[in-house]
Amino acid sequence: MEKLKIVGGRPLKGTIKVDGAKNSAVALVPATILAESPVTIEGLPDISDIHMLKGLLEEIGGSVTFENGEMVVDPEKMVAMPLPNGKVKKLRASYYLMGAMLGKFKKAVIGLPGGCHLGPRPIDQHIKGFEALGAEVTNEQGAIYLRANELRGARIYLDVVSVGATINIMLAAVKAKGRTVIENAAKEPEIIDVATLLNNMGAKIKGAGTDIIRIEGVDKLAGCRHTIIPDRIEAGTFMILAAAAGEGVVVDNVIPLHLESLTAKLREMNVPVEIGDDKVFVGKAEQLKAVDIKTLVYPGFPTDLQQPFTTLLTKAEGSAIVTDTIYSARFKHIDELRRMNASMKVEGRSAIINGPLKLHGAKVKASDLRAGAALVIAGLMAEGITEVTGLEHIDRGYSLLVEKLSRLGAEIWREELSEEELEQIKS
Ligand code: EPU
């Protein structure tokens, strides 16, 4: 097991490249199950969630290669193998295997998903959708059993705007008989990306990216080649770290439209941001002003950038309120940042941050993926050395982070944990 070590205060300069979107990737890979012939996806991030999904596709009989960001999945020999335990429990996105396997085989057994602990993360809307399409869904000893004689299109109104439920229902409905309408659908760019792949495979999906998605079921889907969209959350993380510790950083391979809410907030704080076609430039930020943020569904401020943004706010003059309306307990980074001299506290669904304060290096632990990003940014800003453990979370969503940040001039490296540190983690 490793930890990250960061010598803070090094000025970051240059260009940093964004990879394919994790939250698209984790749905695109399961979507390949629905095809009858090989599917190629280009630009996938080299993160542990993708390796885990590759293993799961292989467990059900798929033949999969993954090299230089390109995955080729041959689904021809796949079967409806039950997956009640093992890798499915390790990632949130394993729930997409439910929609994809139900859509293809009319049955699936999938263990309840894992992922980051951010407060309650029910999947009732996914299940409501599967049932509306004609599936019988039961929960038996921590695994979801889905069975249908046939799937029939239906009108489904989501009570909660959910990315996962919207995509999962699309996966289950593309081969159902007749028309499915998803109302109050989520509008995130990742949903458009998954719909684009499915349409290239022969599906008939209209309206992805709006709150009403219409799907005409088809009998067969075929293989195709698809290029994934860039990761707006990785891009946003880099923009925030550029504002926190940069002296002129170009974030390359972005769709600036996907980052409008963050760009607006950074500018409100006094951070110079210039927008190009597929890159953004974040200039040296001085005399930052505190701003409040409230996370919302797309195109609002993304919950996945709330934690990194909180770190940046320690550098701003005044007091800021950060409210997470999506996840009630996404504040586990706050205690860790306090160890680094931040002045912040949590009240209900909000964190209150007072600044400016100089952060100090400390030993901290990433409790989840974006908390990890928040702590890495804090380490880059801080005086002295910061050690971050819990790297398994960071590795789920950021590929080659050490290499990318080193190229910008950061002093950051991975180191094996000592016996003593391992003991401490276990206890
Ligand atoms: N919700 C329900 N019932 C459901 C589904 C969701 O009540 O059936 C609630 C959730 O508890 C939450 C809200 O609805 O309060 C939104 O959840 P959503 O379903 O949109 O989230 P998700 O699909 O589980 C994805 C990303 C998350 C990201 C959210 C919001 C993946 C694998 N995960 O989760 O990403 O925060 O959308 O944008 O795509 C991350 O990347 O760090 C991450 C956690």
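Positions are given from 1 along the sequence. Ligands are counted one by one from 1 in listed order, and the atoms in each one are counted from 1 as well.
At under 3.5 Å, a nitrogen or oxygen of Asp124, whether backbone or side chain, sits near a nitrogen or oxygen of ligand 1. An N or O contact shorter than 3.5 Å is missing between Ala165 and ligand 1 by distance. Residue Ile326 places at least one N or O, backbone or side chain, under 3.5 Å from an N or O of ligand 1. Of the polar atoms of Val163, at least one N or O is found under 3.5 Å from an N or O of ligand 1, judged by distance alone. Below 3.5 Å of separation, one finds an N or O of Tyr327 facing an N or O of ligand 1.
Both the backbone and the side chain of Gln125 come within contact range of ligand 1, each with a heavy atom under 4.0 Å. No part of Glu190 comes within 4.0 Å of ligand 1, judged by heavy-atom distances. Of the heavy atoms in Gln307, none comes closer than 4.0 Å to ligand 1. At a 4.0 Å heavy-atom cut-off, ligand 1 touches Arg121 through backbone and side chain alike.
Per-residue contacts place His126 under 4.0 angstrom from the following atoms of ligand 1 (heavy atoms of the residue considered): 8 (O). When each atom of ligand 1 is checked for a heavy atom of Thr303 under 4.0 Å away, the hits are 30 (C), 36 (O). Residue Arg330 approaches ligand 1 through these ligand atoms, each under 4.0 Å from one of its heavy atoms: 36 (O), 40 (C), 42 (O), 43 (C), 44 (C). Atoms of ligand 1 found under 4.0 Å from any heavy atom of Lys22 (numbered from 1 in listed order, with element): 40 (C), 41 (O). Atoms of ligand 1 lying under 4.0 Å from any heavy atom of Gly164, numbered from 1 in the order shown and given with element: 19 (O), 23 (O). Using a 4.0 Å cut-off to heavy atoms of Ile123, the atoms of ligand 1 that qualify are 4 (C), 8 (O). Of all atoms in ligand 1, listed by their number and element, those nearer than 4.0 Å to a heavy atom of Leu369 are 42 (O).
Applying the side-chain hydrogen bond (donor to acceptor under 3.5 Å, both in side chains) test to pairs two or more places apart or on separate chains, those with a residue in residues 201-216 are Arg179-Glu216.
Side chain to side chain, Ser162 and Gln125 fail the donor-acceptor criterion of an N or O pair below 3.5 Å. Checking Asn168 against His126 by side-chain atom types alone, a donor-acceptor pair falls below 3.5 Å. No side-chain donor from either of Arg349 and Thr325 sits under 3.5 Å from a side-chain acceptor of the other. Defined by atom type and a distance below 3.5 Å, a donor-acceptor pair is missing between the side-chain atoms of Ser48 and Asp395.
Contact check on Lys107 versus Glu150 returns no salt bridge, with no Lys/Arg side-chain nitrogen under 4.0 Å from an Asp/Glu carboxylate oxygen. Taking the charged nitrogens against the carboxylate oxygens, Glu190 and Arg232 do have a contact shorter than 4.0 Å, which makes a salt bridge. A salt bridge links Lys128 to Asp159: one of the charged nitrogens lies within less than 4.0 Å of a carboxylate oxygen. Contact check on Glu183 versus Arg155 returns a salt bridge, with a Lys/Arg side-chain nitrogen under 4.0 Å from an Asp/Glu carboxylate oxygen.
Compare Gly397, Ser94, Ser162, Pro122 by their heavy atoms: the one nearest to atom 4 (C) of ligand 1 is in Pro122. Residue nearest to atom 9 (C) of ligand 1, selected from Val160, Val26, Leu158: Val160 (by heavy-atom distance). When Asn23, Asp231, Ile167, Val297 are ranked by how near their heavy atoms come to atom 27 (C) of ligand 1, first place goes to Asn23. Of the listed residues (Val161, Asp304, Asp368), the one carrying the non-hydrogen atom nearest atom 40 (C) of ligand 1 is Asp304.
For the pair Lys128 and ligand 1, no heavy-atom separation below 4.0 Å is found. The shell of residues lying under 4.0 angstrom from ligand 1, judged by heavy atoms, excludes Arg396. In this structure, Tyr298 falls outside the shell of residues with a heavy atom less than 4.0 angstrom from ligand 1. Look at Ile233 and you'll find every heavy atom at least 4.0 Å from all atoms of ligand 1.
Side chains of Val364 and Glu387 form no contact here, defined as non-hydrogen atoms less than 4.5 Å apart. In this structure, Pro75 and Lys104 have side chains that are in contact, with non-hydrogen atoms separated by less than 4.5 Å. Contact of the Met381 side chain with the Lys315 side chain is registered, since non-hydrogen atoms from C-beta on lie closer than 4.5 Å. Side-chain contact between Asn354 and Met344 is absent, with no heavy-atom pair separated by less than 4.5 Å.
Using modelled atom types, one side-chain atom of Asn199 and one backbone atom of Ile205 make a donor-acceptor pair closer than 3.5 Å.
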